[in-house]
There are 2 protein chains.
Amino acid sequence: MASLQEISQRANVSVATASRVLNGSSHPVSSQTRAKVLSAAEALGYTPSVLAQLVRKGQRSRIIGVIVGDVSDPYFGAVARGVEEAVADDGYLTMIASGRRTTAAELDHLRSLRDHQAAGVIFASSGYENDPLTEQAQELVDSLMASGSIVLALAPRDISCSGRIAFDDRGAAFDATRYLIGLGHKEIAFVGGPGGFHTSTHRRDGFEAAVRSAGLTPNKRLTGGFEYEAGYRAAQHIALSPERPEAILAVNDDVAIGLVVGFRDTGLRVPADISVCGIHDTRPASYVGLTTVAAPLSEMGHAAGLAILNGETSGTTVLPHHLVERTTTAPSSARAAR
Amino acid sequence: MASLQEISQRANVSVATASRVLNGSSHPVSSQTRAKVLSAAEALGYTPSVLAQLVRKGQRSRIIGVIVGDVSDPYFGAVARGVEEAVADDGYLTMIASGRRTTAAELDHLRSLRDHQAAGVIFASSGYENDPLTEQAQELVDSLMASGSIVLALAPRDISCSGRIAFDDRGAAFDATRYLIGLGHKEIAFVGGPGGFHTSTHRRDGFEAAVRSAGLTPNKRLTGGFEYEAGYRAAQHIALSPERPEAILAVNDDVAIGLVVGFRDTGLRVPADISVCGIHDTRPASYVGLTTVAAPLSEMGHAAGLAILNGETSGTTVLPHHLVERTTTAPSSARAAR
DNA sequence: TTGTACGCGTTATCAG
DNA sequence: CTGATAACGCGTACAA
């Protein structure tokens with residue numbers, strides 16, 4: 001609360017000198033006056049006004065904003081952890097802001113981050129197709145970048161940013177599907193998230209390509225969300241459906257887990273009756289022994305954090321994924337019977 | 001990026017007039033000049049410098065910081081969601097900062113929140129006993145409160161804040177234990193988190209009181225953490241131990257789930273061989289059908305958000321919990337045999 | 001109704 | 001080495 005003004009009066013020096021002592025100035029100050037200023041500051045409990053400093057110097061603050069889609073989604077927790085690990089030692093603060101899967105909320109956060117001159121902004125979640133708010137978002141991102149902030153996208157986005165760090169959504173789905181095919185399954189379905197999300201679409205495309213390349217027929221369906229509940233509800237429908245698939249690739253772990261639990265609640269055995277595979281390998285995957293594609297979540301966060309620290313203003317990085325085989329997938333019964 | 005200065009030049013008015021038009025001033029301005037200013041602002045893409053406004057007026061910003069222990073813990077996701085729901089419509093922004101279960105990291109976040117004049121700060125996680133950094137934290141909290149911020153604790157803390165909104169840790173553990181006793185179990189254990197955390201201690205006390213009140217002997221053990229892995233490891237030890245308990249209350253859901261999965265991996269049946277109960281009722285609890293105590297997490301967040309909006313500077317609120325019976329607990333085999 | 005002048009807390013420039 | 005002074009972008013008494 002104490003200002004430089006008060007310090008300078010108490011120490012009988014000018015504000016300028018007080019400023020030089022109290023903040024990292026290379027300007028020489030005699031050790032005597034330095035001591036006076038220091039003790040005055042100590043006595044009054046001086047804390048520099050970071051706000052005033054920022055106004056004066058027009059620099060970036062030490063805040064890094066991570067805009068996520070859902071604070072309860074472990075996906076984002078993993079990403080945020082990665083960011084934090086990369087930047088905490090340099091005194092940067094990671095703040096997570098929930099976009100609640102709506103661009104409108106994201107805009108609010110972008111504005112706030114711009115207002116507070118954040119050092120960097122990280123989009124951790126995917127965007128919508130044909131989002132009418134994209135233009136506004138792009139404007140904000142542009143103004144952010146123009147004033148020196150680094151803006152990074154960790155998931156597909158219709159926004160041009162400083163850079164992009166991600167894994168291959170299409171490839172991950174493709175690989176998982178090939179794995180299911182290799183297990184001998186013929187009837188394979190993809191259970192997507194809500195329609196219109198880029199990640200959903202890319203993963204569905206990868207799924208479809210893999211199925212077609214094996215001469216099979218793709219089977220797709222959408223759910224209302226990316227969460228457990230959506231998967232659980234989908235399981236109820238699928239279990240009752242006449243042409244029930246033998247294997248399912250879900251758009252992410254949460255939906256996959258919903259499917260597993262949903263199937264079991266309807267009496268279906270997983271994986272004996274039906275195989276289920278997820279994408280992400282978030283922590284809950286191991287709760288149910290879910291087979292899934294491990295995505296480099298914390299690595300993406302880490303890389304993003306470093307990019308902001310280093311002021312990298314361009315480039316695209318694609319980090320590798322790999323399949324993690326657990327206990328929700330098994331060879332098809334037809335094949336097992338052989 | 002455009003300043004009032006530039007606007008005023010383009011519109012041929014003074015900076016003062018521009019300011020009055022562009023910010024909510026009750027000062028009268030003719031509709032003519034108003035239009036001039038507005039179009040100039042539009043043309044230049046004016047955005048007020050929130051930082052300068054804050055410096056000038058010394059008011060709080062529209063940021064609410066939620067300091068959590070672990071961004072991957074669904075407990076905090078639920079709390080943060082509650083806060084968000086309460087404040088988003090009023091234009092306040094919820095930013096989550098990870099304290100990583102260390103007071104040092106929390107101090108960094110507190111400083112940053114103070115520097116940016118946050119409207120409110122919410123401690124979502126418990127503190128340590130005999131934490132040497134408590135004093136520093138208290139100083140920061142005091143300066144925050146002195147400058148008009150509301151600081152709330154949602155878990156036990158050795159810090160005096162503006163207010164406290166929580167549920168009854170001791171009571172929740174007590175009720176859960178009574179429930180296990182009611183199931184006929186005699187050998188009941190408590191699996192805590194890392195030692196020294198207030199929540200751990202309070203819940204353990206509740207457990208112990210319930211056990212003793214039934215004339216039984218408490219059985220306690222600690223794990224290294226609040227996470228799934230800690231519970232999983234504990235299960236390995238417990239499964240092999242000669243005096244294996246019949247029922248277990250875990251300090252939270254994640255540890256409980258770790259226990260359930262760990263037991264099953266060692267061949268033990270849950271709940272036939274051993275009952276497991278958690279605390280919190282976070283989303284993953286339903287993944288494994290965990291019996292647990294539902295804590296009012298989002299309600300706590302919601303109430304905290306409202307308290308900040310309303311500038312409430314005192315009071316303690318305790319919100320109710322209740323038991324949710326699922327499939328990881330069952331009557332003791334002795335009793336079932338009767 | 002408009003403009004002038006000052007202050008918020010800093011930092012940078014320029015004299016001395 | 002130290003100190004006035006201006007400026008960052010803004011809001012507001014006060015004067016016109």
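Just so it is clear: chains get the letters A, B, ... in the order the sequence lines come, proteins before strands, and each one is counted from 1.
In this structure, B:A16 and A:S25 both approach DNA chain C, and ranking their closest nucleotides by distance from the 5' end singles out B:A16. Each of B:N23 and A:T17 was assigned the nucleotide of DNA chain D with the nearest heavy atom; the assignment lying further toward the 5' end belongs to A:T17. Comparing A:P48 and B:S31 by the nucleotide of DNA chain C that holds the closest heavy atom to each, the one mapping nearer the 5' end is B:S31.
Residue contacts shown for B:S19 include a base, since a base heavy atom lies under 4.0 Å away. Across all strands shown, A:T47 has heavy atoms under 4.0 Å from sugar-phosphate atoms exclusively, and none from any base. Within the nucleic acid shown, B:T33 comes within 4.0 Å of sugar-phosphate atoms alone, with no base atom in reach, counting heavy atoms only. B:V15 comes within 4.0 angstrom of nothing in the nucleic acid, heavy atoms only. Nucleic acid contact for B:V55: base, since at least one base atom lies under 4.0 Å from a heavy atom of the residue.
With ring centers used as reference points, B:Y75 lies 6.0 Å or more from B:F226.
Donor-acceptor pairing under 3.5 Å is lacking for the side chains of A:D169 and A:H198. Counted by atom type alone, A:D131 and A:T103 present one or more donor-acceptor pairs between their side chains at under 3.5 Å. Donor-acceptor pairing under 3.5 Å is recorded for the side chains of B:S149 and B:R60.
Between B:S126 and B:A155, the shortest heavy-atom contact is N-CB, 3.6 Å.
A:Q117 places its CD atom 16 Å from the P atom of C:dT10, with the value rounded to the nearest Å. Note: NZ (A:K57) to P (D:dG9) measures 15 Å, nearest angstrom. Remark: C1' of D:dC10 and CG of A:L54 are 15 Å apart, rounded to the nearest angstrom. A straight line from CD of A:Q53 to C1' of D:dC8 spans 13 Å, rounded to a whole angstrom. Atom CZ of B:R56 is separated from atom C1' of D:dG9 by 11 Å (rounded to the nearest Å). Spacing between atom CG of B:L22 and atom C1' of C:dT2 amounts to 16 Å, rounded to whole angstrom units. Atoms CG (A:L44) and P (C:dG9) sit 13 Å apart, rounded to a whole Å. One interatomic measurement links the two molecules: CD of A:Q59 to P of C:dT10, which rounds to 15 Å at whole-angstrom precision.
No hydrogens or angles were tested; on distance alone, nothing pairs the side chain of B:H27 with the base of D:dT12 as donor and acceptor under 3.5 Å. Counting atom types as modelled, A:R20 pairs a side-chain N or O with a base atom of D:dG3 as donor and acceptor under 3.5 Å.
Under 4.0 angstrom from either OP1 or OP2 of D:dC10 there lies no side-chain N or O belonging to B:Q5. Between A:S30 and the phosphate of D:dT2, there is a side-chain N or O to OP1/OP2 separation shorter than 4.0 Å. Note on A:S14: a side-chain N or O is less than 4.0 Å away from OP1 or OP2 of D:dG3. Note on B:S49: every side-chain N or O is 4.0 Å or more away from OP1 and OP2 of D:dC10.
Distance from the side chain of A:S3 is smallest to C:dT10 among C:dT10, C:dT2, D:dC10.
Looking only at side-chain heavy atoms (C-beta outward), B:M95 and A:L113 come within less than 4.5 Å of each other.
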